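Before any comments, here is the structure.
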Amino acid sequence: MKSEPSAYGIDDLQREKTTIWDGVRNYQARNILGEMEKGDLAFFYHSNCKPPAIVGLMEVIETNIVDPTQLDRTSPYFDAKATPEKPRWHTVKVKFTEKFAQPLSLETLKQTFNPDDFLVVKKGNRLSVMPVNNTVAQEILLLIRA
DNA sequence: GCCAACGTTGGC
DNA sequence: GCCAACGTTGGC
């Protein structure tokens, strides 16, 4: 799950302990959020920064949450087409689990994984939420613990 | 339903 | 700041 650290980074999550992952306005990403289950683990990825990297781990603690920002006129994520009766955007609540001592940079990820196995290193992929298969996830954790 | 124009993401 | 690679919008 991506976020720009200037907007909301791993340190913010560590301080707040939990957060609703709001602001996702891409249907494909929303659908992936919709498939998440309580107890799922997710990597926190810092995008649009130097260096882009996986910086920590989170746990999904609540699913199928109506993203409140879609109904908030003052929010940059306000969606005029959404109503309380028919919201368009759902998301999850996550809990801080871990901030990695060493971020795992995109450069390293590219050197380690095949684009066909890991969407994050696939060219042109701008999704802010992406599935990670179990094999890749385990290898990432091994790299982190090494 | 097509597609040009436009907007956004995000690495570099 | 640039620009490739998307996604969305809206006229037709």
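Note that this is a predicted model, so its numbers are computed, not measured. A, B, ... follow the sequence lines: proteins, then strands. Residue 1 opens every chain.
- At whole-Å resolution of the value, CG in A/Leu119 and P in C/dA5 are 16 Å apart.
- With rounding to whole Å, A/Lys123 atom NZ is found 14 Å from B/dG10 atom C1'.
- Atom NZ in A/Lys110 sits roughly 8 Å away from atom P in B/dG11 (whole-Å rounding).
- Residue A/Tyr45 has a polar side-chain atom (N or O) positioned under 4.0 Å from OP1 or OP2 of B/dG11.
- Neither OP1 nor OP2 of B/dT9 sits under 4.0 Å from any side-chain N or O of A/Lys2.
- With A/Lys95 as reference, A/Glu59 is the one residue of A/Glu16, A/Glu59, A/Glu62 to meet the side-chain contact (heavy atoms from CB on, under 4.5 Å) rule.
- Closest of all the heavy-atom pairs between A/Phe100 and A/Leu141 is CZ-CD2, 4.4 Å.
- In this structure, the separation between CD1 on A/Ile10 and CZ on A/Phe96 is 5.0 Å, given to the nearest 0.5 Å.
- Nearest-nucleotide assignment on DNA chain C puts the 5′-proximal partner with A/Asn48, out of A/Gly124 and A/Asn48.
- C/dG7 atom P lies 13 Å from atom OH of A/Tyr27, rounded to whole Å.
- In this model, the phosphate group of C/dC6 is not approached by any side-chain N or O of A/Lys122 to a distance below 4.0 Å at OP1 or OP2.
- When each of B/dG10, C/dG7, C/dA4 is scored by its nearest atom to the side-chain atoms of A/Gln28, the top-ranked nucleotide is C/dG7.
- Looking at the side chain of A/Arg126, the nearest of the listed nucleotides C/dA4, B/dG10, C/dC6 is C/dC6.
- Going from atom CH2 of A/Trp89 over to atom C1' of C/dG7 covers 11 Å, rounded to whole Å.
- In the set C/dT9, B/dG10, B/dG11, the nucleotide with an atom closest to the side chain of A/Lys81 is C/dT9.
- Per the geometry, CG belonging to A/Leu127 stands 9 Å off P belonging to B/dG10, to the nearest Å.
- At whole-Å resolution of the value, CE in A/Met130 and C1' in C/dA5 are 13 Å apart.
- At a threshold of 4.5 Å between non-hydrogen side-chain atoms, the residues A/Pro131 and A/Ile32 count as touching.
- Whole-Å rounding puts the A/Leu109 CG to B/dC12 P distance at 11 Å.
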>> Between A/Tyr77 and A/Gln70, does the side chain to side chain contact (heavy atoms under 4.5 Å, CB included) criterion hold? Intermediate values first, please.
In response: CA-CA 6 Å; A/Tyr77 303 118; A/Gln70 67 191 304; over 6 Å; no
